[in-house]
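Below you will find the structure I want to go over with you.
Here the structure is a predicted model, which means the values were calculated and not measured.
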Amino acid sequence: MVELKQEPQKLTAFLSGELDHHHAKEIREAIDFAVREQYPPVLVLDFRQVTFMDSSGIGLILGRSRLLEEYGGTLEIHNPPAHIRKVLRISGADRLAVIRNSVRKERPKPAEDTPKIPKLDIAELKPPQTDAEQKGMESDYEYAQ
């Protein structure tokens, strides 16, 4: 249902299963207790494992948003599946909290045996020194046109 993790400057609530009227009260009470104990600057509701959400889930988000507003905290919603993200957008919950996917794909590190591209030293360009050099450059320019 809900697993809480306290980090410096953040409390994360990992939600799982169905977020409906049967389970919302228990989840809400656990989160509120932790928030009132710790007053975290940021509360993250992680929806990665939520399979279903009805209006009780919207109520849960709205109530936590109000609770955090009381002392200047912010609410973030992380990793909502596509069908829940749609419900959040339609309900306007996306205006109460930052919604993001926090799963970041790590770039593969290049193999050590991969040859590195050498850096080329480009000589500083110097203006022509003589009239002959100047004329040569002008004729090159005309030819390029």
Side-chain angles (χ1 to χ4, degrees), residues 1-129 133-134 136-138 140-145:
M1 301 305 299
V2 64
E3 181 183 328
L4 300 170
K5 179 181 177 187
Q6 176 65 42
E7 300 175 65
Q9 305 296 311
K10 178 169 63 172
L11 173 66
T12 303
F14 295 95
L15 309 173
S16 62
E18 296 183 357
L19 188 50
D20 57 15
H21 70 280
H22 296 292
H23 303 105
K25 181 180 179 187
E26 177 185 326
I27 294 169
R28 182 179 64 244
E29 289 173 352
I31 293 171
D32 288 358
F33 180 80
V35 166
R36 289 190 174 112
E37 287 275 313
Q38 301 163 14
Y39 293 101
V42 177
L43 171 63
V44 175
L45 300 178
D46 191 308
F47 277 74
R48 181 185 330 256
Q49 299 297 319
V50 175
T51 57
F52 173 81
M53 182 178 78
D54 64 10
S55 62
S56 300
I58 301 300
L60 179 103
I61 293 168
L62 178 62
R64 289 348 82 213
S65 175
R66 287 182 184 158
L67 177 62
L68 289 158
E69 281 180 12
E70 289 176 10
Y71 68 90
T74 58
L75 178 65
E76 294 183 7
I77 298 171
H78 288 196
N79 306 308
H83 63 283
I84 292 178
R85 183 181 284 268
K86 184 176 181 180
V87 171
L88 295 172
R89 190 182 73 248
I90 290 169
S91 69
D94 58 343
R95 293 188 300 259
L96 300 174
V98 174
I99 300 175
R100 66 177 62 147
N101 289 328
S102 62
V103 177
R104 298 176 194 253
K105 295 180 182 177
E106 291 188 26
R107 294 183 184 177
K109 294 181 180 178
E112 290 183 23
D113 60 339
T114 304
K116 294 185 179 179
I117 300 172
K119 292 185 179 180
L120 300 175
D121 291 329
I122 300 175
E124 187 176 324
L125 296 176
K126 296 180 183 177
Q129 302 277 336
E133 288 177 347
Q134 180 68 35
M137 288 181 66
E138 288 172 1
D140 287 346
Y141 175 76
E142 289 171 5
Y143 180 73
Q145 295 293 325

From L19 atom CG to M1 atom CE, the distance as rounded to the nearest 0.5 Å: 7.5 Å
Inter-residue atom distance T12.OG1 - L43.CG, 0.5 Å rounding: 8.0 Å
Residues which pass salt bridge (charged side-chain N to carboxylate O under 4.0 Å, His left out) with E76, listed by chain and number, not counting sequence neighbours: R100
Partners meeting side chain to side chain contact (heavy atoms under 4.5 Å, CB included) with P81 (sequence neighbours left out): F47, H83, I84
Listed partners of F33 passing ring-ring contact (aromatic ring centres under 6.0 Å, His included), at least two apart: none
Can I get a per-line list of side-chain donor-acceptor pairs under 3.5 Å for residues 49-63, giving both atom names and the distance, sequence neighbours left out?
| from | atom 1 | to | atom 2 | distance (Å) |
| --- | --- | --- | --- | --- |
| T51 | OG1 | G17 | O | 3.3 |
| D54 | OD1 | S56 | N | 2.8 |
| D54 | OD1 | S56 | OG | 3.3 |
| S56 | OG | H21 | N | 3.2 |

Set of residues satisfying side chain to side chain contact (heavy atoms under 4.5 Å, CB included) with respect to Q9, sequence neighbours excluded: P41
Distance-minimising heavy-atom pair for L4 and A13: CD2-CB, 3.5 Å
Of R85, R48, H78, the residue whose pairing with N101 passes side chain to side chain donor-acceptor pair (under 3.5 Å): R85
Minimum heavy-atom distance between P40 and L68, given as atom pair plus value: O-CD2, 4.1 Å
Intermediate values then yes/no, side-chain contact (heavy atoms from CB on, under 4.5 Å), K5 and E7: CA-CA 6 Å; K5 179 181 177 187; E7 300 175 65; 4.0 Å; yes
Contact check, side chains of L11 and V35, non-hydrogen atoms, under 4.5 Å: yes
Intermediate values then yes/no, side-chain contact (heavy atoms from CB on, under 4.5 Å), N79 and F14: CA-CA 10 Å; N79 306 308; F14 295 95; over 6 Å; no
Side chain to side chain contact (heavy atoms under 4.5 Å, CB included) involving D32 - partner list, sequence neighbours excluded: R28, R36, R64, L67
